[in-house]
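Numbers here simply count residues along the sequence, with the first being 1.
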Amino acid sequence: MSTQRRSSCFGSPQQEQLLKSAEAFKSTFEKANLQLLRNVTDFHSWRLDPESDDTQELDGVRDPVIVAADVAAKMPKLKLKFQYLEQNAKNRYVKSIVSDIDDAPIVTAEDNKQLLASNGQRKERLKVAKLRLAEMQKDIGVLAPRVESGTRFAHFLRNDADRYV
């Protein structure tokens, strides 16, 4: 009976071996320098427009499947909005042609210059946003394999540690 007690008490050879294995695992894990938390933070810290504070909008939308579903849900509304704007423009155009010349809105060269200037600014912002998007996609392409390899290594180490527990 005393031999059974000795094998189950603290400090038994089995537990000493498990303790040494756990310490070896800990030192291997610390030497690996995975930087998993930093990589995940870097991956999630991108912003399309650094000046805007749109964190509330992006907090729950990280999964591409969720983003695709969200975009698919918004598409009918966007199409309807476009149809409305197109029909409204057609109606205004027809009214300007059919209506009395005194009631028609007069479009001047100054109006055209203002529209051209505002469209130029919008095009510049769009180009900048596209460049940022391309850079962000490149960063994701670089960070995603790092996160994946770090995750695989962590799973491997966790499974290795489960053998000793």
Exercise. Once you round to the nearest 0.5 Å, how far does CG of Leu115 lie from CD of Glu110?
Worked result: 10.5 Å
Exercise. Just wondering, do Leu133 and Met136 contact through their side chains at under 4.5 Å, heavy atoms?
Worked result: yes
Problem set entry | Reported CG-to-CG distance for the pair Asn119 and Asn112, which is rounded to 0.5 angstrom | 10.5 Å
Exercise. Applying the 4.5 Å side-chain criterion to the ILVMFWY set and letting contacts propagate, would Leu78 and Val67 be lumped into a single cluster?
Worked result: yes
Exercise. So, do Gln83 and Gln87 sit near enough that their side-chain heavy atoms are less than 4.5 Å apart?
Worked result: no
Exercise. side-chain hydrogen bond (donor to acceptor under 3.5 Å, both in side chains) with Glu148: which residues, sequence neighbours excluded?
Worked result: Arg152
Problem set entry | Interatomic spacing from CD in Glu23 to CG in Leu18 - rounded to 0.5 Å | 11.5 Å
Exercise. Between Lys74 and Asp70, is any pair of side-chain heavy atoms under 4.5 Å apart?
Worked result: yes
Exercise. How far does CZ of Arg125 sit from CZ of Arg132, to the nearest 0.5 angstrom?
Worked result: 11.5 Å
Exercise. Are Val147 and Val142 connected, step by step, through hydrophobic side chains (Ile, Leu, Val, Met, Phe, Trp, Tyr) whose heavy atoms are closer than 4.5 Å?
Worked result: no
For this session: Identify the heavy atoms of Pro76 and Ala73 that sit nearest to each other, and give their distance.
Result: CD-O, 3.5 Å
Problem set entry | Atom pair NE2/CG of His155 and Asp160 - distance to nearest 0.5 Å | 14.5 Å
Exercise. Are Leu19 and Gln15 close enough, and set up right, to give a side chain to side chain contact (heavy atoms under 4.5 Å, CB included), and what steps lead you there?
Worked result: CA-CA 6 Å; Leu19 182 62; Gln15 288 183 345; over 6 Å; no
For this session: Please check if atom CD in Gln114 has more than 12 non-hydrogen atoms from other residues, nucleotides or ligands closer than 6.0 Å.
Result: yes
For this session: Tell me, please, which residues at least two apart from Arg122 pass side-chain hydrogen bond (donor to acceptor under 3.5 Å, both in side chains).
Result: none
Exercise. In the single-linkage hydrophobic clustering (I, L, V, M, F, W, Y; side-chain heavy atoms under 4.5 Å), do Phe156 and Phe25 co-cluster?
Worked result: yes
Exercise. Are Leu85 and Tyr93 in one and the same hydrophobic cluster, where Ile, Leu, Val, Met, Phe, Trp and Tyr link if side-chain heavy atoms are under 4.5 Å apart?
Worked result: no
Exercise. To the nearest 0.5 Å, what is the distance between OH (Tyr84) and NZ (Lys81)?
Worked result: 11.0 Å
